[in-house]
Amino acid sequence: MPRFERKQNIFRNKDALGESYQPERIEERDDEIEAYMDALQPIIDGWEPNNVFLYGNTGVGKTAVTDFLLDVLQEDVTEYDDVDLSVLSVNCKTLNSSYQVAVELVNTLRPAGAEISTTGYPQQTVFKKLYSELEALGGTVVIVLDEIDSIGDRDELLYELPRARSNGYLETTKVGLIGISNDFKFREQLDPRVQDTLCERELQFPPYEASELTNILESRAEVAITEDGCDGGVLNLCAALAARDSGSARQALDLLRLAGEVAENNDDDAIREHHVDQARSKLEQERVEEGMRELTTHGRLALLAVVSKAAKESTPCRTRELYQEYEALCESSGTDSLAQRSVHNHLSDLRMLGILSAKENRSGSRGNYYSYELDVPFSSAVDAMADVLYLDDEIETIRDIARMNSVV
DNA sequence: GTTCCACAGGAAAAGATGGTCG
DNA sequence: CGACCATCTTTTCCTGTGGAAC
C-alpha cells in the first residue's frame, strides 16, 4: 500500500530559500540601501521622484532591496496625507520591446477583462492609453522595470515616460522610473538622452564575496533548515561555489535548496557536501533544459545535427559538416531546410545559451572557422530533444549509434 | 608584401503571423 | 474586408578576419 509520510528532517521552511521569499532584513547591503533611500527621499517629501537605475549581476540583491524599500516607503508614506503613492512593478524578462512593456503596464492598471491585446496598435496609441491610466491613478507613481535590459535598444518608453509631464501628456500624476538591469552594457547602448534622465541616480550592486554569502546563507538557513539538518561546511561550500562563479545569492540559495532536496530524496538526515556537488550538476541541467524548451523547430534540428555528430564521435565539428547533417535531418523529417546563414545563426544562439561550445580555428588559407561540440552531457541533450521533436526514429537511430560508440 | 581562403557575423529587407480599426 | 501595426524568423548582401601560399 502506498503511503505518504511527512519528511521534516532537513527543511523547516523550504520557502525561505525560494525566489519569492522576502526576508525581514537584508544582509550585507547597508551601503546600497542608504544610497537607495537617499534617491527615494523626494517621494516622501512630496516632490517629483528621481529616476533610478540599478545594475549588477543576477542575485546580488537588486530586486530584493527594491521590494523591501518600496514596502517600507509605502508604509511610511501613509503618515503624510498629501502624498499618494502607488507602486507598479513589472518584470520585463519576457517583454522585449518598449511596446510590450507599455502594454503590460496598461494591463496591470486596467481591471480584469479590460486588458488590451499585445499587438496590433501603433506604439503611440499604447503610450497614450498608458498615460490616461496613469492620469486616472493620480498622485505619485513609481514604476519598477525589472530586467529592463531585455528590451534591447527599443527604448522609446524610457525616453517618453520621464518626459511625459513636461510634454503635457500627464497633468497631475508624477512618475518615477526604477530600472533594474543585469547587463552592464545595457546602459551604454541606450540613447544618450535616455541615459541622462533614466540614470539620474545610479546604484551599482557589486557581487557578493564568499564571506557575505555565508552570512546570507546562515541567516536564511536559520529559518529554512532544522537545527541538525546541515553539516558544518555545507554553507561555506555553497557560498564558495557561488562566489567563485557569479557572486549571486540566488545561486547560493538554489544550491542549498537543491542539495537539501537531494539529501531528502536519499533519506539522509542532513545535507552533506556531496549533496551540494549533485545539486550543482542538477542546477546546470535545469538551465540547459530551460534553454532547449525555448528553441524553434530549426533551432532544435540544428542542435540535433550536433547531437547526431556527437553520437558518431565526430565532434568537434565545423559548420559545413553540421549543415550537411542538418539537411539530412530535414530531409528525413520532411521539413524544408534553411540557408546556411540561418543555421549558422541557430548554432550561434545555441552557443549563447551555453548548450554548444565552439573553438576558433585559424588555419590560414583554409579559412577561420568554429568547431562546435556539445557543452552539456550527451544524454541530457538527447533526452531533452526526445521530448520536443517528432523525430522518434531518428533519435532512436542516434541513440543506437551512440551506444555502439559508447558515447554517454 | 600581397593575396586569398572560407568562414563569422552585421545590417537591411522580405515574409509570415496574428493583431486593431473603420 | 483592406489598410495598418509589431514582431519574429529567414534571406540576401556585405565586410572583417588571420595566417598560409604565392
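Chain naming here is simple, since letters A, B, ... match the order of the sequence lines and numbering starts at 1 in each.
- Neither OP1 nor OP2 of C:dA6 sits under 4.0 Å from any side-chain N or O of A:T118.
- In the model, A:E289 has a side-chain atom that pairs as donor or acceptor with a side-chain atom of A:Q285 under 3.5 Å.
- Nucleic acid contact for A:T125: none, since no nucleic acid atom lies under 4.0 Å from a heavy atom of the residue.
- With rounding to whole Å, A:K359 atom NZ is found 15 Å from B:dA8 atom P.
- Nearest to the side chain of A:R341, among C:dT7, C:dT10, C:dT12, sits C:dT12.
- Both cation-pi conditions hold for A:K129 and A:Y121: the charged atom is under 6.0 angstrom from the six-membered ring centre and inside a 45 degree cone around its axis.
- Taking side-chain N and O atoms only, A:Y370 has a distance below 4.0 Å to OP1 or OP2 of B:dG9.
- Comparing A:K129 and A:Q340 against DNA chain B, the residue whose closest nucleotide sits nearer the 5' end is A:Q340.
- Taking atom CG of residue A:N368 and atom C1' of nucleotide C:dA20, one finds them 11 Å apart after rounding to whole Å.
- Rounded to an integer number of Å, the gap from A:E360 CD to B:dC7 P is 14 Å.
- Relative to the side chain of A:S117, the nucleotides C:dT11, B:dC7, B:dT20 differ in distance, and B:dT20 lies closest.
- Ranking C:dT11, B:dC21, B:dA8 by closeness to the A:Y121 side chain, first place goes to B:dC21.
- Looking at the side chain of A:R154, the nearest of the listed nucleotides C:dT11, B:dC7, C:dC8 is C:dC8.
- Here A:F184 and A:F186 keep their ring centres 6.0 angstrom or further from each other.
- Residue A:K128 contributes atom NZ, which lies 14 Å from atom P of B:dC21 at whole-angstrom precision.
- Heavy-atom distances under 4.0 Å link DNA chain C to A:Y99, A:Q100 of residues 99-116 of chain A, given in residue order.
- No hydrogens or angles considered: nothing links the side chains of A:E360 and A:N368 as a donor-acceptor pair under 3.5 Å.
- A donor-acceptor contact under 3.5 Å links the side chain of A:T119 to the base of B:dG18.
- If you take CD1 of A:I151 and C1' of C:dA6, they are 15 Å apart, rounded to a whole angstrom.
- A:Q124 and A:E160 share a side-chain donor-acceptor pair at under 3.5 Å.
- A:H346 has a side-chain polar atom (N or O) that falls below the 4.0 Å cut-off from OP1 or OP2 of C:dT10.
- For A:R320 and B:dC5, the shortest distance from a side-chain N or O to OP1 or OP2 is not below 4.0 Å.
- Going from atom OH of A:Y323 over to atom P of C:dT10 covers 12 Å, rounded to whole Å.
- Listed nucleotides: B:dC7, C:dT11, C:dA6. Nearest to the side chain of A:Q123: C:dA6.
- At least one side-chain heavy atom of A:L347 sits under 4.5 Å from a side-chain heavy atom of A:T319.
- In this structure, A:S97 does not reach the C:dA6 phosphate: none of its side-chain N or O atoms is under 4.0 Å from OP1 or OP2.
- Ring geometry for A:Y326 versus A:Y323: interplanar angle under 30°, hence parallel rather than tilted (30 to 60°).
- Atom NE2 in A:H344 sits about 17 Å away from atom P in C:dT15, given to the nearest Å.
- With a 6.0 Å cutoff to the six-membered ring centre and a 45° limit on the axis angle, A:R193 counts as a cation-pi contact of A:Y159.
- Within the nucleic acid shown, A:H298 comes within 4.0 Å of sugar-phosphate atoms alone, with no base atom in reach, counting heavy atoms only.
- Under a cutoff of 6.0 Å and an axis angle of 45°, A:R29 and A:F68 do not form a cation-pi pair.
- The OH-C1' distance, from A:Y369 to C:dG18, rounds to 13 Å in whole Å.
- Distances shown here put a side-chain N or O of A:N96 below 4.0 Å from the OP1 or OP2 atom of C:dC8.
- Contact check, A:T319 against B:dC7: no side-chain N or O comes under 4.0 Å of OP1 or OP2.
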